[in-house]
Each structure stands twice: as structure tokens, then as C-alpha cells.
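Since the structure comes first, as C-alpha cells, the remarks are kept for the end.
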Amino acid sequence: MLFGTARLTVLKTICRSHPRPHTRSFASSRPPRADRAVIYSENGDPSEVLNVLTFPDLPPPGSDSVTIQFLLSPINPADINVIEGVYPSKPIKTGALASSGKGSEEEPVFIGGNEGLAQVTAVGSSVSSLKINDWVVVTKQQHGTWSTRKNVAVTDVALIPDAHKLDEAQAATITASVNPPSAYNMLNDFVRLEKGDWVVQNGANSAVGQAVIQIAAAHGLKTINLIRNRENVELLKSQLGQLGATHVLTYDDLLDKSIRGKVKEWTGGKDIKLGLNCVGGKDTTLMSRLLGQDAHLVSYGAMSKQPLSLPTSLFIFKNLTCHGFWQRRWYADKTPQQRDTLMRTIVNMLADGQVHYCSK
Ligand SMILES: NC(=O)c1ccc[n+]([C@@H]2O[C@H](COP(=O)([O-])OP(=O)(O)OC[C@H]3O[C@@H](n4cnc5c(N)ncnc54)[C@H](OP(=O)(O)O)[C@@H]3O)[C@@H](O)[C@H]2O)c1
């Protein structure tokens, strides 16, 4: 599928600036040539504030820590917002990268990135839950994953269960802590959906949107997917169709008054029970009119940067319920066992071929 593999390449290039000894069939203690991280000192436009810092060898991990080498670190829209300083969760500066200058105690820096797939390369003396070569994802928020290597507390990473079933890109983009789990949880947490039920979503070609399409299809749910118009829109429609989208419309299609009749025909008059919104603005107002009786509208992003405005009649006459979703809150509210169950579910969907990825 199209889970942002192009974006992954950027970080892979930085990480591959030193030898890559860590394929899974290869246990090696060969040291990397140099470690590097994408850092910034102040919030601002990423093209102006980001720099690459080369830092000296890491010390061995502390007794409750592990050294991890990042294999792939995605770039998400929220990562850009964090650098700009407009995202609610804030990173903490580190002074552990150098003994003097940038990255030292005197000049601490932020390291970019919130998600990443990494391999354990050294374990502290008290660590029994992880071993060298294990694949992990970073679970601590805003830990700074745009780095070649790091020492991290063992409690800040989670072992990827059954990692042998996945390749690097799958593990980094699909078991990473935000997008696919968000899709899965939004389809499960707000309304009980049965096979044959309908879901409408916008931003359908986003990484989350594609995960929604595939996870919904794997559960026998039908989806109406909204995207922005573009030159080769038919190609995108057909790609999303191949992923399992039942129907794909553009926001422009929603302006046509006959569209509600057409959607009614598609659903056989069945109420659409769930709407997923990562866009906001007037396109979402139009989308909300497709929702049926007692539907739930879940907002998880605001890509248009426009406020969400909904007709009062939907609340009075259709009993619409609106929610916000934040995967970070989900992790904070749940137990490690619930998180592990979620990850295993997604790994197994991948291994069973229910969810795929391909490049954008
Ligand atoms: N709440 C949570 O827990 C959570 C979790 C994951 C993601 N998110 C949010 O979900 C959103 C999507 O994330 P992602 O990683 O899946 O993104 P992505 O793969 O980078 O895709 C971005 C999407 O936004 C659309 N878009 C961009 N600018 C737009 C505009 N002005 N108007 C309408 N659509 C626009 C793009 O459409 P085009 O192709 O037409 O440009 C594309 O569909 C982001 O807002 C992200 O922060 C939230």
C-alpha cells in the first residue's frame, strides 16, 4: 500500500550513512562509522531550523537501558508541527550527544521524529526482556527517532512481536505507534460495526486513510472515500479501489446535489454509521451530511487548517455524536497488555496478507 514509503526513504538515507550490519539473519558487533541525528535548537520552519549533527560514539547502555540502531524512521505531518512548535506534545532537549558544542549539556538540542523501527545492538546488565537483534519501536512520545543510534531506557521501547513475519518497511510504517493503530482503533472504539456496514472518511489517500480502507475491507466493512481532485484522479481512485475502497469520490463530487441519492443507492438505504475526519473545513461539513441516523463522526486531524462547522440539524434530527481521537491518549489510557494485543493484531493482519503496502 501507499503508507508513505517515499517519506521513509529520506530518513533511511541518513541512517545508511554508516555500514548497515543489522539484517535480521546477521548478528554483528561491527561498530558504525559515525552516528548522526537530525536536530534543531529552536522551533521554526523545518527547512530553516533543521541540521544534521554527527556525534561521537555512544557510551555503553546503562543497566536498565539498551542501545538501539534505527532502521527506518517515518516522517509524519505531526513531526513537522512539532518542529514548528504548534503540536501539543513537546519534545525535551538532549545534552547527551556531545561533550562540548551543539548537543552537549551547554547547548542541548531537540532530535526530530516520533516514530521509528530500531534494532537492539547492546543490552544493559539488568535487561532480560530484550536481546541483541530484537526489533523494537519507540513508545515514549517525542523521543527523537531521526537518529542513527540511541541509548534508551528499556521501558521506552516495545518489542515487535513476531517480527520475523515483517520486512523493514512494514514494521516501520505499520507497527509504528501511530497510523495503522489509529485506523484500527477508530474503526473499533466508537460504534459497533457489523459486516456490510458503511464508513465514510476524508483524506482517504493519507497513510491513516489507506489503513482504514484495508482494515475495513478485511472486516467486511464498506467504505466511501473522499479525496482532493487532481489531474490523474482516476489513477488514485483505482489505486484506492485496489486496496479495498468500495467507492471513491472527490470533495467536488459532494457539491453535486444528486450525490446523496447516489450514495443512498450504493448503501441500499442503510445508514452510514461512522465518519472519519482528518481534514476539517467545508468539505467535512458536506461529508457529515452523508452520515445516517445515530452516526458518530470522529475527528483526528485538521489538514485543511479550517475549523469544523456542522449543521445543528444533524444533532437534533439525526442524533449525531462527535468525538476527537488521539492515539497518544489511547496509549496513555491503556495497559501494556492492551498495547501488545493491538500490535499483534496488526502484525497478523499483515502476515495474513489482509494489509499490504506499496509506494506512493
Ligand atoms: N489523532 C491521531 O492520533 C492521529 C494519528 C495519526 C495521524 N493523525 C493526523 O492525521 C492526518 C493524516 O496523517 P497521515 O500521516 O496519514 O498523512 P499523510 O499520509 O501525509 O497524508 C496527508 C493527507 O492530507 C491531505 N491534505 C493535505 N493538505 C490538505 C488540505 N489543505 N485539504 C485537504 N486535504 C489535505 C492529503 O491529500 P492530498 O494527497 O490531496 O494532498 C493527504 O490525504 C494528519 O493531520 C495527522 O496529524 C492523527
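Note that ligands are numbered from 1 as they come in the structure, with each ligand's atoms numbered from 1 the same way.
- Taking every non-hydrogen atom of Val279 and a distance limit under 4.0 Å, the qualifying atoms of ligand 1 come out as 33 (C), 34 (N).
- Using a 4.0 Å cut-off between heavy atoms, Arg230 contacts ligand 1 through its side chain alone, with no backbone atom that close.
- Looking at ligand 1, you won't find any N or O of Arg328 less than 3.5 Å from one of its N or O atoms.
- For Lys282, the salt bridge (Lys or Arg N to Asp or Glu O under 4.0 Å) test picks out no residue, with sequence neighbours left out.
- No side-chain heavy atom of Ser147 sits less than 4.5 Å from a side-chain heavy atom of Asp35.
- The closest non-hydrogen atom to atom 22 (C) of ligand 1, taken over Ser299, Gly280, Ser206, Ala78, comes from Ser206.
- Through chains of ILVMFWY side-chain contacts below 4.5 Å, Tyr251 is grouped with Trp198, Val200, Ile224, Leu226, Leu249, Leu254, Leu255, Ile259, Val263, Trp266, Ile272, Val279, Leu286, Met287, Leu290, Leu291, Leu297, Leu308, Leu310, Leu314, Phe315, Leu320.
- The parts of Val208 lying near ligand 1 are both backbone and side chain, judged by heavy-atom distances below 4.0 Å.
- A distance-only check finds no donor-acceptor pair linking the side chain of Ser65 to the backbone of Gly124 [under 3.5 Å].
- Every atom of ligand 1 is numbered from 1 in the order shown, and the set under 4.0 Å from a heavy atom of Ser304 is 30 (C), 31 (N), 32 (N).
- Atom numbering of ligand 1 starts at 1 in the shown order; those under 4.0 Å from a heavy atom of Asn76 are 15 (O).
- Of the options Tyr251, Tyr331, Tyr300, the smallest heavy-atom separation from atom 10 (O) of ligand 1 is shown by Tyr300.
- Ligand 1 has an N or O atom lying under 3.5 Å from an N or O atom of Arg228, backbone or side chain.
- Within the 3.5 Å criterion, the main-chain N or O of Arg36 finds a donor-acceptor partner in the side chain of Thr148.
- Looking at Thr145, its side chain does come within 3.5 Å of a backbone N or O of Glu115 through a donor-acceptor pair.
- What you find for His219 and Tyr184 is that their closest heavy atoms are CE1-CE1, 4.3 Å.
- Of all atoms in ligand 1, listed by their number and element, those nearer than 4.0 Å to a heavy atom of Gly301 are 45 (O).
- Although no hydrogens or angles enter the test, the distance criterion places no donor-acceptor pair under 3.5 Å between the side chain of Ser104 and the main chain of Gly95.
- Residue-level proximity to ligand 1 for Ala207 is carried by backbone and side chain together, each with a heavy atom below 4.0 angstrom.
- Aromatic ring pairs are classed by plane angle as parallel below 30°, tilted from 30° to 60° and perpendicular above 60°; the pair Phe190 and Phe325 is perpendicular.
- Atoms of ligand 1 lying under 4.0 Å from any heavy atom of Gln327, numbered from 1 in the order shown and given with element: 2 (C), 3 (O).
- Looking at Ser182 against ligand 1, only its side chain comes within 4.0 Å, counting heavy atoms.
- Ligand 1 has no N or O atom lying under 3.5 Å from any N or O atom of Pro77, backbone or side chain.
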